[in-house]
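Okay, structure first, notes after.
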Protein chains: 2
Amino acid sequence: MRTAPAPPLPDGAGDPLPRRQVLADGVYEAVKALIMDHVIAPGARVSIDGLARRLGVSPTPVREALARLESAELVVKEPLRGYRTTPLLSLEQLDDLYRFRLLLEPWAAAQAAARADAAGAAALRAELDSCQVPAAESYADYKALAAHDTRFHVLVAELSGSRQVRTAFERTHCHLHIFRLYYDRRIGRKAVSEHRAIADAVLRGDPDAAREAMRAHLEASYYERLRPLFGEAAAPPPAG
Amino acid sequence: MRTAPAPPLPDGAGDPLPRRQVLADGVYEAVKALIMDHVIAPGARVSIDGLARRLGVSPTPVREALARLESAELVVKEPLRGYRTTPLLSLEQLDDLYRFRLLLEPWAAAQAAARADAAGAAALRAELDSCQVPAAESYADYKALAAHDTRFHVLVAELSGSRQVRTAFERTHCHLHIFRLYYDRRIGRKAVSEHRAIADAVLRGDPDAAREAMRAHLEASYYERLRPLFGEAAAPPPAG
DNA sequence: ACCGGAAATATCCTATAGGATTCATGGGGG
DNA sequence: CCCCCATGAATCCTATAGGATATTTCCGGT
């Protein structure tokens with residue numbers, strides 16, 4: 001018999017959970033973190049009982065959390081065989097993702113500019129101010145910047161006034177997959193300045209400028225930061 | 001004490017399940033049917049233990065099924081208080097939904113036309129032929145037509161070649177919400193002929209015609225079939 | 001008669017047990 | 001040496017039990 005614990009984990013990841021109202025929620029976040037930080041490798045199997053032991057809970061809430069993670073496409077279920085983490089984004093999937101973002105987000109930015117109101121403007125300024133400090137190079141700052149990037153894009157989608165667009169965008173979990181793919185700590189400053197350009201256009205109520213700023217931001221993100229990860233082959237434009 | 005069973009059910013809905021590989025899958029379909037057929041009313045509470053008793057299974061697979069149904073937005077969870085079915089689509093939500101569809105589906109139809117290949121063409125023809133027979137007025141035919149409509153639109157999204165677009169469209173579960181809203185048995189014939197116009201443009205490889213045919217289909221669906229359900233007030237265009 | 005609070009009931013949430021299936025290991029045959 | 005099959009272990013899936021929380025019912029006070 002092996003009472004041996006699961007493979008050793010870095011720092012505190014996977015330790016027994018702090019008390020939450022519902023365990024399944026905590027398990028969801030814990031497993032998401034394990035996958036995002038590559039503690040559980042892409043394509044690896046995810047044992048229900050194993051996770052339950054590792055997190056110190058019973059399999060029941062783990063099942064519920066995994067069912068939700070499946071809809072985020074971080075894991076896939078094979079009946080009677082268990083769950084498995086999805087592989088990292090391929091180049092084709094990355095192209096497809098940015099083609100999709102180019103379809104939705106410039107439209108959302110233009111709508112946000114056309115609909116700008118006081119509350120929205122305040123929220124946008126608050127989000128930008130939260131990242132006033134150019135992120136240092138620590139891991140914590142990295143995660144903070146990633147969180148800001150996520151919140152900013154969701155906020156713009158929100159300000160478009162279309163719940164469908166916002167939820168469709170959120171359900172891509174694109175930041176999750178992108179930051180899972182890779183992170184270059186030097187990208188922060190440029191991304192933040194591009195965000196500022198988008199926000200300026202929205203706050204000034206200029207739909208065309210907002211649309212264009214968002215398009216430029218997405219293309220810069222793709223060509224300058226992500227596409228190079230896949231080598232030097234010629235990069236076709238994701239826009240179809 | 002009331003050992004009285006749950007509210008009586010029409011025909012066989014909610015009876016013990018036929019044997020499936022994994023119970024959670026069967027529970028998912030059964031509960032979806034209960035909600036779609038308004039056996040469980042919009043906004044009503046959905047008891048986990050109650051469903052388990054009604055379906056003759058234990059609460060464990062019911063939990064898993066409900067977690068998945070939540071991501072389809074047919075139910076919402078309130079921690080420690082249980083699940084509740086979502087209300088029917090409001091007029092604002094319907095507008096938003098069609099604005100979103102107008103953003104994605106005409107684009108998808110154009111892409112499908114530009115990329116048309118033999119396999120895709122065959123699939124498209126097969127789907128149309130499956131609805132050759134103009135649907136009669138029975139309930140079974142209604143469900144068959146609804147299923148065809150769903151498959152047709154998903155197929156066009158699929159043929160666009162963008163997995164993001166296809167899954168984003170599927171995740172709206174729009175047909176599910178629309179057919180839950182209402183169904184007029186006389187709409188079948190016109191919808192099918194509109195489908196044929198879209199398919200013709202795709203098969204002939206004409207992106208502009210495909211885009212336009214899809215746009216016309218969506219607008220007809222909205223203005224002629226759905227919008228009137230909400231009364232006679234002036235209908236503003238969903239396109240923003 | 002109406003409102004507020006306490007007991008009773010129902011429900012949710014988590015843990016555990018056991019049957020069924022799949023995966024891993026080791027030995028025998030080609 | 002490689003392949004195939006049997007055995008054992010691990011895992012999944014479902015059911016059930018019990019503590020915790022929310023809801024309903026009932027009763028007394030104003």
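Just so we're on the same page: letters track the sequence lines, and every chain starts at 1.
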Starting at OH of A/Tyr83 and ending at P of D/dT11, how long is that distance when rounded to a whole Å? 16 Å
Applying side-chain contact (heavy atoms from CB on, under 4.5 Å), name anything that partners A/Ala72, two or more places apart in sequence or on another chain. A/Tyr28, A/His173
Which residues pass the side-chain contact (heavy atoms from CB on, under 4.5 Å) test with B/Ser90, sequence neighbours left out? B/Glu92, B/Gln93
Respond yes when some side-chain nitrogen or oxygen of A/Arg84 is under 4.0 Å from OP1 or OP2 of D/dT11, and no when none is. no
Separation of atom CG in B/Leu51 from atom P in C/dA10, rounded to whole Å: 17 Å
Letter by letter from the 5' end, nucleotides 15-22 of chain D scores (B base, S sugar-phosphate only, - none; protein heavy atoms under 4.0 Å) BB----SS
Round to the nearest Å and state the distance from B/Tyr28 atom OH to D/dC13 atom P. 17 Å
Partner residues of A/Arg115 under the side-chain contact (heavy atoms from CB on, under 4.5 Å) criterion, sequence neighbours left out: A/Gln111
Measure from CG on A/Leu66 to C1' on D/dT11 and round the result to the nearest Å. 13 Å
May I have the distance from B/Arg63 (atom CZ) to D/dC13 (atom P), rounded to whole angstrom? 17 Å
Hey, does A/Val46 reach any base, or is it just sugar-phosphate, or nothing, if we go heavy atoms under 4.0 Å? sugar-phosphate
Counting only side-chain heavy atoms from C-beta out, which of C/dC12, D/dT11, D/dC13 sits nearest to B/Val22? D/dC13
Tell me the interatomic distance from A/Glu78, atom CD, to D/dC13, atom P, rounded to whole angstroms. 11 Å
Any heavy-atom pair between the side chains of B/Asp149 and B/Phe179 that's under 4.5 Å? yes
Please write out each protein N/O paired with an N/O of nucleotides 5-7 of chain C under 3.5 Å, distance rounded to 0.1 Å.
none

Is the positively charged end of A/Arg101 above the ring of A/Tyr98, judged by distance under 6.0 angstrom from the centroid and angle within 45° of the axis? yes
With sequence neighbours left out, the residues meeting salt bridge (Lys or Arg N to Asp or Glu O under 4.0 Å) with A/Glu64 are B/Arg63, B/Lys77
Grab the CD1-P distance between B/Ile48 and D/dT23 for me, whole Å please. 14 Å
Residues passing the side-chain contact (heavy atoms from CB on, under 4.5 Å) test with A/Thr85, sequence neighbours excluded, are A/Ile35, A/Ile40, A/Ala44, A/Val46, A/Val75, A/Arg180
Contacts of B/His195 meeting ring-ring contact (aromatic ring centres under 6.0 Å, His included) (sequence neighbours excluded), chain-then-number -> B/His148, B/Phe152, B/His153, B/His217
Report the residues that fulfil side-chain hydrogen bond (donor to acceptor under 3.5 Å, both in side chains) with A/Glu70, sequence neighbours left out, ordered by chain and then residue number. none
